[in-house]
Amino acid sequence: MADRVLEDIDEAPVAGPVERVLQQAPELDVWNDEDLEHPSLYLNRELSLLCFTRRVLELARDPGLPLLERVRFLCISCTNLDEFFEVRVASIRQRLQHGAQQPGPDNLTPAATLAAIRSAVDELVQAQYRVLNRELTPALKAEGIRILKRSKWSKAQHKWLHQHFRRELMPVLSPLGLDPVHPFPRILNKSLNFAVELEGRDAFGRDPGLALVRAPRSLPRLIKIPKSYSKGDNDFVFLSSILHEFINELFPGMTVCGCYQFRVTRNSELFVDEEEIEDLARALEGELLERGFAEAVRLELAENCPEHVAKLLTSKFGLDEADVYRCDGPVNLNRMVALCDSADRPDLLYPPFQPNVPAALTAGNDLFAAIRRCDWLLHHPYDGFAPTVDLLRQAVADPEVLAIKQTLYRTGSDSVMVNLLVEAARAGKDVTVVVELRARFDEEANITLATRLQEAGVQVVYGVVGHKTHAKMMVIVRRERGRLKRYVHLGTGNYHQGTAKGYTDFALLTADKQFGQDVHQLFQQLSGLGRAPKFAHLIQSPFDLHDWVLGRIEREAEHARAGRPSGIDAKMNSLTEPRVIRALYRASRAGVPIRLVVRGTCCLRPGVPGLSDTIQVRSILGRFLEHSRVYRFANGGDPDTYASSADWMERNLFQRVEAAFPLLAPKLAERVHEEAIELAFRDNREAWILEADGSYRHAWPGDGAEPLRLQQALIERSTEHA
C-alpha cells in the first residue's frame with residue numbers, strides 16, 4: 001500500500017498519473033539548459049506533501065512499532081491533513097478566487113491541482129479509516145484496550161455512561177434549533193458538531209426539523225470507563241458515541257430521527273498588510289479573532305449522513321460536493337491521540353532513554369570556560385537541551401554578563417528560557433529578543449510572550465517587515481579581563497524544550513570571535529540599524545543564501561568536470577525551489593554524486609536517465625521528527641559542512657531571515673555528516689526511497705543484511721555516552 005497517493009490521481013479529470021506526466025519528458029541523450037524547465041521534471045508540491053502524509057500513515061501500519069505509537073502516527077497523519085487544508089488548499093482556493101491561473105513548475109494550474117488533491121485525499125482518508133477499523137482497533141483489543149461501540153455496552157456501562165452524560169456533558173451543551181429566529185450559526189474551525197434531525201414541536205409550537213449541537217472543546221474526546229464497570233483496565237468510549245446515545249434528552253417532547261457528526265475546516269492563513277499598519281501585534285490580534293470563522297475549505301461528514309443533510313451543510317458553508325469527505329468513524333480522528341496517554345500501557349510506547357550531556361557541559365561546571373576551550377555540537381534529542389538552558393541560567397546569574405540577545409520563533413506555553421530572559425531583564429541586564437509574531441499557529445502565544453517580555457523590561461523586536469525571522473541564534477556578551485567577549489548559540493531548531501525532545505536538530509556552542517561578530521551584526525540588522533553586512537562565517541537569506549547555494553552546486557559541477565573529488569550531501573525538510581532543482585540537475589549531468597535526505601516535500605525527480613542519474617533522495621520517518629538542515633559540499637577533497645535553519649524552498653530563501661553556519665572543527669563536521677547523511681543512507685527500516693515517477697519505496701534489509709534504524713542507532717550511541 002505504500003504511497004499510492006500520487007498514483008491514484010488518474011481518476012481526476014484534469015490531471016493524469018505522475019508516471020504519465022513523466023513520460024511527457026523529451027527523450028534526449030543530452031539535456032540542454034532549456035530542457036530543464038520542462039514541467040515533467042518537477043513533482044507537484046501539494047501532491048508531494050500528501051505523499052509525505054501517506055508515509056506517516058504507513059508508520060501506523062508497521063507491526064514493528066509499539067502499538068500506541070502506531071495510534072499516534074495515525075493521529076499525526078490526520079493533523080497533517082488538517083493543516084494541509086488550512087494552509088495549502090486554502091491558498092490555492094484564494095488564487096482561483098482572484099483569477100490566478102498561472103501553473104507551477106509542473107504545469108498544473110490551480111484548478112487542476114485542486115482536482116488532483118481531491119482524488120488523492122479521498123483515497124488517503126479512506127486509508128486512514130481502514131487502518132483504524134481493520135488494523136489498529138483489533139490490535140488494541142488484543143492488548144486489552146477496547147474502544148466500545150454503543151452496541152457493545154453492558155447494562156452497567158450504559159448506566160454509568162448515562163450518569164456521566166447527565167453530570168458532565170448536559171450542563172455544557174447548548175443545542176440550537178434552526179428557524180428564522182435562529183439562523184445557521186457560525187461554526188468554529190475543526191470543532192466537533194452534530195446535525196440532529198427532529199420530528200415534533202418544541203415548547204413554543206415550533207417545528208425546527210433540524211438542530212445543531214456542538215461538542216465543547218473543553219471536554220475530552222475519549223472517556224475512560226471505571227474498572228468497576230468493565231472487564232479490563234482500559235475500556236474507552238468516544239464522546240461522540242455518548243452524545244449519539246443520549247442526545248434525545250436535549251430535545252424533550254421531540255423525536256430524534258437522526259444524528260450525524262460533521263466538522264468544517266477553514267482557511268487559517270492570516271493576512272496582514274505590514275506596509276499599511278502601525279502596530280503588527282494589534283493587527284494580528286484582530287485577525288486571530290476571525291481565524292476560527294474564516295472561509296470554509298473542507299467538510300467532513302459521518303458516513304451515514306443522508307444526502308439532504310449533506311447538501312444543506314455544504315451550501316451553508318459555501319462549499320461544493322468535491323469539498324466533502326465521508327468518514328467511516330469519528331470525524332475528529334486526530335483527538336484519538338489521547339489514548340496514548342490515557343491507556344495505562346507504557347509497554348506499548350517507545351521506551352524512555354536518557355539523553356547524553358557532555359561532562360564539561362553539565363550544570364555544575366563553568367559553561368563559559370568549557371565553550372572558550374572549544375566549540376561544542378549538540379544533536380537533539382540524543383544530546384540533551386539542558387546545556388542551552390544552563391548556559392542562559394549561568395548568564396542570568398553572572399554579574400559579568402552585560403547583555404543577552406536571542407531570537408524566538410516557537411517556545412512552548414511554559415518556557416524556562418523565557419522565564420530566564422525575564423529574570424535577566426529584571427536583574428538589570430540588557431536583553432533584546434526578536435519575537436516572530438507570525439509563526440504559523442503560534443501567533444497568539446507569541447503575542448502573549450512579547451507582551452510579557454516587554455513588561456519585564458526586555459527590548460522586543462518584531463523582526464523585518466515582509467520577512468519572517470526564522471534564524472535560531474543567541475549571543476551572550478560577557479566582560480572578561482576588561483574586555484567584552486561573545487558566546488554564541490546557533491541552531492537548526494527552535495528554543496523549545498518540548499520539541500527538543502521530539503525533533504532532531506543540531507546546535508553549535510562557540511566563543512569564536514568571528515561568529516560573535518557575525519551574530520551581533522545580524523541582530524543589529526534585525527533591529528533596523530544599517531545595511532546587510534558581509535559576514536565572515538554566516539550565510540543569510542534573503543540576501544545571500546540562494547546565490548551561495550547555487551554557487552556551491554556549480555562549484556561541485558566544475559570539480560567533477562575537472563576530474564576532482566565532488567559531491568553534494570544535503571538534509572532538509574523540503575526541497576521545492578526551481579532554480580536550486582535545475583542547478584542540481586546540471587550538477588548531476590556533470591557527474592556529481594548527490595545524496596539528499598528530504599523528510600517531506602520534494603519536487604525534484606531523481607534517477608531520470610541522462611539527467612539525474614547520480615541523484616538519490618531519501619525520506620527518514622521514525623520516532624522523532626527529522627528537522628535539522630545540513631549542507632555538505634566535497635569541494636575537491638576539502639569539504640565544507642554547514643548547518644542551517646533554512647530548507648531549499650522559496651519562502652526560506654527569499655521571504656525569511658535565515659542563517660547557515662559552518663562547522664569549522666573537522667571532528668564536528670564529520671559527526672554532522674555521519675549522523676545526518678551517512679546513517680540515513682545506511683538506514684534500511686525507517687528510510688523511504690524516492691523513485692523517478694514520484695512514488696516512494698520503503699527500504700528493507702537485503703539478504704543477510706542487518707536491520708538498521710538511524711534513530712535507534714543514535715539513541716543507542718547516546719545511551720552509551722550518557
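Quick caveat: nothing in here was measured; it's all calculated off a predicted structure.
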For [X] versus [Y], what's the shortest heavy-atom pair and its separation?
X: Ala660; Y: Tyr642; result: C-CD2, 4.1 Å
X: Phe515; Y: Pro662; result: CZ-O, 3.5 Å
X: Ile553; Y: Ala583; result: CG2-O, 3.4 Å
X: Arg605; Y: Gly694; result: NH1-N, 4.1 Å

Distance only, no hydrogens: is a donor on one side chain within 3.5 Å (strictly under) of an acceptor on the other, for [X] and [Y]?
X: Ser588; Y: Thr614; value: yes
X: Glu556; Y: Ser566; value: no
X: Thr499; Y: Arg410; value: no
X: Ser644; Y: Tyr631; value: yes
X: Glu58; Y: His698; value: no

Task: Lys/Arg-Asp/Glu bridge criterion (N-O < 4.0 Å) met for Asp106, Arg45 - done: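 Result for this pair is no, no salt bridge flagged.
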- [ ] Using a strict cut-off of less than 4.0 Å between a Lys/Arg side-chain nitrogen and an Asp/Glu carboxylate oxygen, indicate whether Arg72 and Glu69 qualify as a salt bridge.
- [x] yes
Would you say [X]'s side chain and [Y]'s backbone share a donor-acceptor pair under 3.5 angstrom?
X: Ser612; Y: Val608; result: yes
X: Thr641; Y: Leu663; result: no
X: Gln711; Y: Phe624; result: yes
X: Asp518; Y: Leu538; result: yes
X: Ser645; Y: Thr492; result: no
X: Tyr696; Y: Arg54; result: no
X: Ser718; Y: Tyr382; result: yes
X: Arg709; Y: Gly622; result: no
X: Thr79; Y: Cys75; result: yes

Open item on the list: Ring centroids only, cut at 6.0 angstrom: are Tyr503 and His496 within range, meaning strictly under it?
Closed with: no
Task: is_close_aromatic(Tyr409, His470), centroid dist under 6.0 Å - done: yes
Task: Test side chain to side chain contact (heavy atoms under 4.5 Å, CB included) applied to Thr109 - qualifying residues, sequence neighbours left out - done: Gln101, Pro103, Ala111, Ala112
Task: Of all pairs that satisfy salt bridge (Lys or Arg N to Asp or Glu O under 4.0 Å), the ones with a partner from residues 606-627, not counting sequence neighbours - done: Lys571-Glu626
Task: Pairs where residues 635-644 contributes a residue and the test salt bridge (Lys or Arg N to Asp or Glu O under 4.0 Å) is met, not counting sequence neighbours - done: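 Listed once each, the pairs are Arg552-Asp640, Arg555-Asp640.
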TODO: Please lay out, stage by stage, how Leu625 and Arg599 fare under the test side chain to side chain contact (heavy atoms under 4.5 Å, CB included).
DONE: CA-CA 9 Å; Leu625 183 99; Arg599 184 194 82 224; 3.6 Å; yes
Task: Straight-line distance of His98 NE2 to Gln94 CD, nearest 0.5 Å - done: 6.5 Å
- [ ] Would you sort out whether Arg632 and Glu670 count as a salt bridge (Lys or Arg N to Asp or Glu O under 4.0 Å), showing the intermediate values?
- [x] CA-CA 10 Å; Arg632 186 179 189 270; Glu670 284 306 309; 3.4 Å; yes
- [ ] May I have the step-by-step check of side chain to side chain contact (heavy atoms under 4.5 Å, CB included) for His489 and Val519, ending in yes or no?
- [x] CA-CA 9 Å; His489 176 282; Val519 174; over 6 Å; no
Task: Sole candidate of Arg579, Arg582, Arg561 that passes salt bridge (charged side-chain N to carboxylate O under 4.0 Å, His left out) when paired with Glu554 - done: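 So, applying the salt bridge (charged side-chain N to carboxylate O under 4.0 Å, His left out) to Glu554 and each of Arg579, Arg582, Arg561, only Arg561 qualifies.
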Open item on the list: side-chain hydrogen bond (donor to acceptor under 3.5 Å, both in side chains), that's the test. Do Thr407 and Glu436 meet it? Break it down for me.
Closed with: CA-CA 8 Å; Thr407 59; Glu436 182 46 69; over 6 Å; no
Task: Intermediate values then yes/no, salt bridge (Lys or Arg N to Asp or Glu O under 4.0 Å), Arg629 and Glu658 - done: CA-CA 12 Å; Arg629 293 91 165 181; Glu658 307 271 14; over 6 Å; no
- [ ] Decide side chain to side chain contact (heavy atoms under 4.5 Å, CB included) for Met473 and Val488; before the verdict, give the C-alpha distance in whole Å, the side-chain angles of both, and the deciding distance to 0.1 Å.
- [x] CA-CA 7 Å; Met473 56 188 185; Val488 170; 5.8 Å; no
TODO: Take Thr53 and Phe84 through the test side chain to side chain contact (heavy atoms under 4.5 Å, CB included) and record every step on the way to the result.
DONE: CA-CA 9 Å; Thr53 300; Phe84 178 78; 5.9 Å; no
- [ ] For the pair His380 and Asp505, evaluate side-chain hydrogen bond (donor to acceptor under 3.5 Å, both in side chains) and give the outcome as yes or no after the intermediate values.
- [x] CA-CA 5 Å; His380 307 307; Asp505 277 301; over 6 Å; no
Open item on the list: Between Glu706 and Arg682, does the salt bridge (Lys or Arg N to Asp or Glu O under 4.0 Å) criterion hold? Intermediate values first, please.
Closed with: CA-CA 10 Å; Glu706 288 292 323; Arg682 297 208 305 268; over 6 Å; no
